[in-house]
Amino acid sequence: MSPLSIGLFGGMFDPIHTGHLRAAKAALDWGLDKVLLLPCGTPAHRPAAQTSADDRLAMCSLAAKGIPGLEASGIDFREGPCYAADTVQLLKKEYPEARFYWILGEDKVDGLSHWYHAEELFKSCEFLVCPRPGCIAAHAPEGAVLHRLNIEGMTDSSGMVKDRLHLLDDAPDLLPKSVAAYIAANGLYQPDYTPELLSRGMKPHRFAHTLGVRSTAVELAALHGENMQKAALAAILHDIAKPLPLEEMRALCAKYHADFSDELLSNGNLLHGPAAALIAQHELGITDPEVLSAIHCHTTGKPGMSRLDMIVFIADAIEPNREPYPGLENLRTLARSDLAAAVLASMRSTRDYVLSRGYPFCSVTDAAMRSLTEKE
Ligand code: FE
Ligand code: FE
């Protein structure tokens with residue numbers, strides 16, 4: 001029996017993208033039994049990653065799912081620089097009978113002879129080279145065995161992916177959907193809003209709720225084919241004004257010349273959505289109108305709600321940290337199949353509750369319900 005052949009694909013994978021996956025698949029098609037994605041902890045010659053090693057490993061594992069033979073491993077999470085020669089020695093202990101093939105880009109071939117413990121490395125593995133556009137084939141250094149993959153050159157770079165994510169784009173042509181969802185649900189490659197939320201008085205239970213809304217909103221966006229990065233951003237900021245006393249919310253509205261009705265201005269339960277959208281826009285520099293709308297109307301809804309509006313509205317009501325209330329499980333099920341029906345059902349139960357207590361019901365929500373009923 002021929003020995004197990006294992007391709008070793010090291011890198012930052014910050015984040016992993018379809019270019020990496022094409023190369024890994026080509027290596028499997030070339031005849032390898034297995035390819036290991038090896039995100040590194042501290043790279044030897046590169047700046048540190050923007051995301052933690054655990055996040056990069058999780059993204060690699062998600063990307064590998066569904067590709068037979070592809071796996072992710074955390075073996076390169078070592079203190080100090082991680083060199084290929086050390087990685088191969090470590091893996092030899094795990095797979096004593098295997099033959100190893102180090103996967104690398106054509107642009108790296110020239111420098112191979114300078115790799116750490118190169119001679120020892122050349123004896124313990126061969127090299128599978130992926131072409132790079134504009135990069136001519138270099139000579140194999142003395143003692144190294146090179147094989148070239150016959151695929152189109154890998155152009156997609158993680159930098160391009162990050163640029164797209166900054167624009168709140170899920171980059172479906174560059175990122176597997178599961179990876180884009182992980183990025184959104186964990187707020188990766190976006191500003192960390194935690195200090196902002198905490199410094200504005202958000203208590204731990206409200207922060208936990210906010211994180212729950214974010215993961216639920218991303219899950220629903222993925223299910224319903226909506227933008228996950230926008231859902232995540234709207235969700236993380238939706239309650240940023242919630243800790244403020246009503247007077248401060250009103251002062252914000254005056255400061256930013258927001259012309260809200262007395263009905264909104266007299267009730268913090270309603271006003272904290274519109275006030276949060278003002279903070280997002282004027283103090284945090286969020287410009288995306290869809291995100292601002294979803295933040296604004298998470299308390300009241302509005303006529304003609306977009307699907308993103310509905311996702312954030314219903315995620316707020318059903319996130320996992322919610323104390324159980326009558327109809328919660330139904331709402332959770334409904335939200336997965338029919339967003340508008342779930343939003344309408346949630347508004348109906350709020351209306352029943354508010355009216356049963358003898359309070360007036362919000363006219364904006366009433367109009368939102370009529371608009372949703374027309375669509376039914
Ligand atoms: Fe809220
Ligand atoms: Fe909330």
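Sequence positions, counted from 1, serve as the residue numbers for this chain. Whatever order the structure lists ligands and atoms in, that order sets their numbers, starting from 1.
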_Test: Arg307 and Glu226 ion pair at under 4.0 Å_ = yes
*With a 4.0 Å cut-off, would you call Glu319 and Arg214 a salt bridge?*
no
*List the atom of His20, the atom of Phe9, and the distance in Å for their closest heavy-atom pair.*
O-CE1, 3.3 Å
*Taking the Fe ion (ligand 2) as the vertex, what is the angle from NE2 of His238 to OD1 of Asp316, given to 10 degrees?*
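An angle of 90° at the metal.
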*In Asp239, the N, O or S atom nearest to the Fe ion (ligand 1) is which?*
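For Asp239, the N/O/S atom sitting closest to the Fe ion (ligand 1) is OD1.
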_Using a distance threshold of 2.8 Å, state whether an N, O or S atom of His272 lies below it from the Fe ion (ligand 1)._
yes
*asked:* Which residues pass the side chain to side chain donor-acceptor pair (under 3.5 Å) test with Lys242, not counting sequence neighbours?
replied: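 Lys242: no side chain to side chain donor-acceptor pair (under 3.5 Å) contacts found.
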